[in-house]
Every structure is written in structure tokens, then in C-alpha cells.
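Input: a single structure, listed below in C-alpha cells.
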Amino acid sequence: MAPVEMTGKDEPDREIWYVDISSIDNQTNRITEPKRLQLSEAPSRARQKIVVGDVLFSTVRPYLRKIAAVDAKYDGEIASTGFAVLRGATGIDPKYVFFKAISHDFVSALTGEQYGVSYPAVKEEQVRAQPLELPPSNEQRRIVEKIEAMFDEIDKGVESLQTARTTLGLYRQSLLKSAFEGRLTTDWRALNADKLEAPETLLAHLDDDRDAWHEREFQRWQDDVAAWENNGSKGPKPRKPEAYKSSDALTDVERAVLPKTPSEWVFARLNDIAHIGSGMSVSKARKLEDPVETPYLRVANVQRGHLDLAEIKTMPVEKSQLSALCLRTWDILFNEGGDRDKLGRGWIWEDQVEICITQNHVFRATPFRHDKGWSAFVSQWGNSYGRDYFEAGGKQTTNLASINKTVLKALPVPICSPAEQTELILRLDARLEAADAMEAEIEAALTRANALRQSILKKAFSGQLVPQDPEDEPASVLLARIKAEKEGREKAEKEARESRPARIAEPRRPTLTDLLDVLKQQKSWIPASKAAEGLGLGDGASSDDIEAFYHQLKQHVESSAIEVERRGDEDWLRLAEVEAN
């Protein structure tokens, strides 16, 4: 590989495109988000001058595949030293190097060599040391042309798949909008008018469900207290159930942003239909009397419309508090937030883990009506219309947003008759399951497309993609020429170093303060020549330095700071204040 020129700060006012690791899109392997700034404002890592055709390979976490080729737009710009810049020698096609760098074999070999745990990386020398199968220059060009032609066909298919995925997302949004505006069950209501209940009746049923739930919870708490006492009263006493406090009525402002629903429907707040609970913070410093190691859900586990339980962590909690903290069947989970995409997202709990709690950043709503369809209905509402509500009611900073229990409790939720809600969920689930199946097919096709690319690259670098041409210049001749160019370059650099004149340090020019310091150290008369030596003015000092010395000496004498006495052929000096002391 050819050497890369490094830049200093000799052009501080120059505006540059700075390419760092975050500038690379690892899906398309292109530079997509470089930073525009002055060289003087660039970080210390902004040092590598890049040219068109260079291949940038991130040495940090190579498995993330932050790899890109430099196109004409960024010719002559600056890249971070976090990249190994691969620049092919004469006779090596830059695109050939790029396709090799993005191949699975190249990346996986370096991933196996990375060091460090929290910040895994490889050295630039390791990247440059990877083997490169080198065919003749003409064959390289034929390989590149074949890869590009085949990749173009794959890209067209991928673009269609991505368009289908986007359309599917819009379909889901439309489907949920139709469901929560009552349009999904319009025909059902027309055929089942006798099963519809008046809004007042629906609210009365909610009151009955809530009262019955609180009565059961109070009995559960009494049983927990009895068990705690029988166990020797270890740890804090079990928590008493939180009493219900009625919610405020919906305001006109809130109603204005809610969807228009059928006249048979009514809105209630989440606080009126479910108990809202918080989780436990993770703390190693917490002192526990009777700890139980317990699995818990983090924000990462709670996705929008599903749970990701690939990794579940544990924490110790007091055994006496476990009953109040433990998730129950069909609890509805809501994320506190963090990044905006996490705000209020969630799904329902279906006892995937026998005993499980939530971290304090994940809220749980336990519905007073114990019904899977009802929980799914509320969760789907929170993941769709609830997003706008949480955006408006959450605490927000530049990049972060969060909700608290008060905001979550106030979430308006549409209520319809249990019979219609059951029908609505059946229809919604059937359509969403079909959409999920279609999305799974799209994802599988995208995975196959990526595998096909890697298969093409594997054939390309094993000599199976294009036929060899006996008329091509042998690769051995190309290698010999590259070697000769390298040796010539190294020889020229060595000669330049040897012919460069030795750098002679410029004599230090004396300063006013230095001369006074020299005389203060002596505390008596000294020859002027000795004072000059103390200032670094020895043999070989320039006439400018000597003139500067005597000019400053004259100023000191005229200001009466220094006394001068002629002794023989030389002036002697001392500080004027010495005599006074």
C-alpha cells in the first residue's frame, strides 16, 4: 500500500470536510455525514490527507464495518487517525481494494485480531498486513466491472424491498388509526347494536372492575404481611396497596387532539383502568436484609409492540417487597424514555419468565380488567396515539425525553364495549400478524441479498468470477514493479534525510528580566562577559544578540538599575540595590 500524507495545523483558516468514524454509513459503505469545520477547530485526530480512491477502514470495532471509499467530493480532505487509509500502489485498482476490504473474510480476520474489551480495536499495521490476492491489472478491472454490475442488480432488488418495508410501516399506522377511530369495526357495530352499551354503563363497569381489584389487592397485601411475620419480619414490611385517587376530567385541549370516535365509545384515563407501578433502580450500594436475586426488564427489553428477551439481567431485591414489584400476567409495559424513539413504547407481559420485575426506567400498568385482548388494546393505543401524548407531556431536552408516573396516569384511553373490543382486537391482530409475516419475508430477502454480495466477493477473490486472459501482463511483473517503486521511494526519502542540513538551534536572545536575574544570583560585581554567558551569549553568538545585550544594558544603566565600573579592559556590573542592602 502507498503511504499517506499527514497534515499539521499550518493552514488554520482552511475549511475542511472532516471524516470521522461516525461519518460512515456501514449499510451502504459510503461517506454520508462528514463535518464541515475549520482546520484550527478540528480535533487532534484530524490528520490524514485523503484522496479519491482511498479506502477508509475503521480500526475501532472492525465488526461494525465502518468502511468507505473516498469519492471525488472528498478528494484532498481530512480523515481521522481512527482509520487505516488503504491506498493502492500503481497498478492496483482502488475499487478492487475497496471490495476486498468489505468482504467477510477481510473483516472477520481482523475482528479475530482485535484487542481491548470495552473499546475493541486493531492496529493500522494489522489492517495493512492482511493478504490481498493480486491478479494482473487488467483482470482487476474486469473483476471490479463484474462486481459492480452484479451489485447494481442486487441494489435494485434491495431498493424495492426497502420501499415495501416503508409501505408496510405506513400500512400499520393506517391500520391502528382505523382501529382507534372505530372504522375497523363499523360493520360489526351495525350488525350488533344490541351488544353496545351506553358510555355511562361502560364507566360504571370500570368502577366495578377497579373496586374489585383493590379489594383483592388489599387481601393479597394482608397475606403478604402474614407471610412476612411468619418469616421473622426480615426486611421492610410489604408495601400497602396505593389507594385510588380519581382523575381529572379531560380538558377541551386534550379532546381537541384525540381522534373522533363512535358515539358509543368514551375516554378514560389510564389511572382509571389500571394501577401504575414503578420498578427498582439498580444499585450495588443498597443494603438488603433478605435479598433475592431477581430477573428484571430494562428499556432495551421493552420494544414497541414486542419484547426482546434475548438478554435478561438480574438484581437483588428484598424478598418482602417482591410480591409488590413482580410483573403479572398481561401487565402493560411503558418505557420512561431516554431517546425520543423509546418514549412510552411498550408491550404486554405474558409470563415469559416465572418471576420478573422491572427496572425503574420501565413502568408497568396492571389493568383492573384481567383480559389479554384488553391489555393488547391499551398497549397498541399507547404505541400509536399515545406517542403524541407523551411527546407533549414528557420532559424534554435537546436529545432526550422522559415521562413520569403523573404523565402516564393521565394518558387518555378510548373505551368501547367488551364485545366490540374483542372483535376489534381479533381483526387488528389478524391484519398485524399478516403484516409481521410479510415483514419477516422482507427481512429474510434483505439478508439473502447481503449473503449474495458476500458470495460474489468470495468468488471474485478466489479467481472464479471472471475468466483469466493469457494476454494479461503477469501479476509477478506487477509485483516486481511495485517492489521497485517502493524501494526507489524509500531510497529517495533516505537521501533526502541525509542531505538535509543539521538544524542549528538559534541562540537565545537575552531579555531584560534575564539580565537582572543573572546579577541577582551573583550579589556582587561580575565581568560583563560572564553576565553575557549567563544569558547564553557564548562564542558564536550573532551580532544581533550581542547588540541587543548592550542595548538593554544601556537601558538598565540609564535607569540606575545597574552600576558599571571599568576594570582594566572590561566593564564590571552589579545591581544598584546591592550596595544599599
Side-chain angles (χ1 to χ4, degrees), residues 1-89 94 97-98 100-102 106-107 109-130 339 397-400 486 489-490 492-494 496-497 500-506 508:
M1 292 294 166
V4 177
E5 184 182 358
M6 305 297 280
T7 182
K9 298 293 183 180
D10 54 336
E11 303 174 278
D13 297 329
R14 176 190 165 194
E15 279 204 346
I16 64 167
W17 283 111
Y18 172 52
V19 182
D20 63 3
I21 295 172
S22 66
S23 306
I24 307 296
D25 182 341
N26 63 355
Q27 298 300 310
T28 61
N29 293 121
R30 291 190 176 96
I31 300 171
T32 56
E33 297 183 359
K35 299 171 177 61
R36 190 67 171 171
L37 40 76
Q38 286 189 322
L39 190 56
S40 60
E41 300 172 347
S44 60
R45 292 172 69 87
R47 294 189 58 209
Q48 302 196 89
K49 290 185 178 180
I50 54 178
V51 299
V52 62
D54 281 350
V55 177
L56 308 182
F57 189 101
S58 172
T59 56
V60 179
R61 297 187 175 91
Y63 57 85
L64 293 180
R65 302 176 59 82
K66 292 282 189 171
I67 311 162
V70 177
D71 57 31
K73 180 178 180 180
Y74 304 111
D75 187 35
E77 300 297 346
I78 308 299
S80 166
T81 53
F83 292 112
V85 180
L86 306 180
R87 182 178 299 168
V97 177
F98 168 70
K100 177 63 179 179
I102 65 171
F106 192 91
V107 175
L110 285 165
T111 301
E113 295 180 7
Q114 66 188 17
Y115 58 92
V117 177
S118 59
Y119 199 67
V122 293
K123 297 177 181 178
E124 182 176 349
E125 295 77 13
Q126 291 174 296
V127 180
R128 290 176 171 272
Q130 293 305 305
D339 297 333
T397 61
T398 304
N399 297 313
L400 301 176
K486 180 181 179 183
R489 183 173 60 248
E490 291 174 347
E493 290 173 353
K494 181 179 180 182
R497 287 195 301 270
R500 191 179 301 136
R503 182 178 178 184
I504 301 175
E506 294 184 2
R508 181 172 57 89

Shortest non-hydrogen contact from [X] toward [Y]:
X: Val122; Y: Gln114; answer: CG1-CA, 3.5 Å
X: Pro62; Y: Pro120; answer: CD-O, 4.5 Å
X: Ser80; Y: Gln48; answer: O-NE2, 2.9 Å
X: Ala101; Y: Val55; answer: CB-CG1, 3.9 Å
X: Glu124; Y: Ala84; answer: CG-CB, 3.7 Å
X: Val107; Y: Phe57; answer: CG2-CE1, 4.3 Å

Determine whether [X] and [Y] make a side-chain contact, defined as any pair of heavy atoms from C-beta on separated by less than 4.5 Å.
X: Val127; Y: Phe106; value: yes
X: Phe98; Y: Asn29; value: yes
X: Arg36; Y: Trp17; value: yes

Please round to the nearest 0.5 Å and tell me the distance separating atom [atom1] of [X] and atom [atom2] of [Y].
X: Arg87; Y: Asp54; atom1: CZ; atom2: CG; value: 4.0 Å
X: Ser23; Y: Lys35; atom1: OG; atom2: NZ; value: 4.5 Å
X: Lys486; Y: Arg489; atom1: NZ; atom2: CZ; value: 7.5 Å
X: Ile78; Y: Arg47; atom1: CD1; atom2: CZ; value: 10.5 Å

Considering only distance and modelled atom types, tabulate donor-acceptor pairs under 3.5 Å from the side chains of residues 65-72, sequence neighbours left out.
unit_1: Arg65; atom_1: NH1; unit_2: Ile102; atom_2: O; d: 3.3
unit_1: Arg65; atom_1: NH2; unit_2: Ile102; atom_2: O; d: 2.5
unit_1: Lys66; atom_1: NZ; unit_2: Ile24; atom_2: O; d: 2.8
unit_1: Asp71; atom_1: OD1; unit_2: Lys73; atom_2: N; d: 3.2

- Is any side-chain N of the basic residue among Arg45 and Asp20 closer than 4.0 Å to the acidic one's carboxylate O?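 Salt bridge: no.
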- Query: Sequence neighbours excluded, which residues qualify as salt bridge (charged side-chain N to carboxylate O under 4.0 Å, His left out) partners of Lys123?
  - Reply: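 Lys123 satisfies salt bridge (charged side-chain N to carboxylate O under 4.0 Å, His left out) with no other residue.
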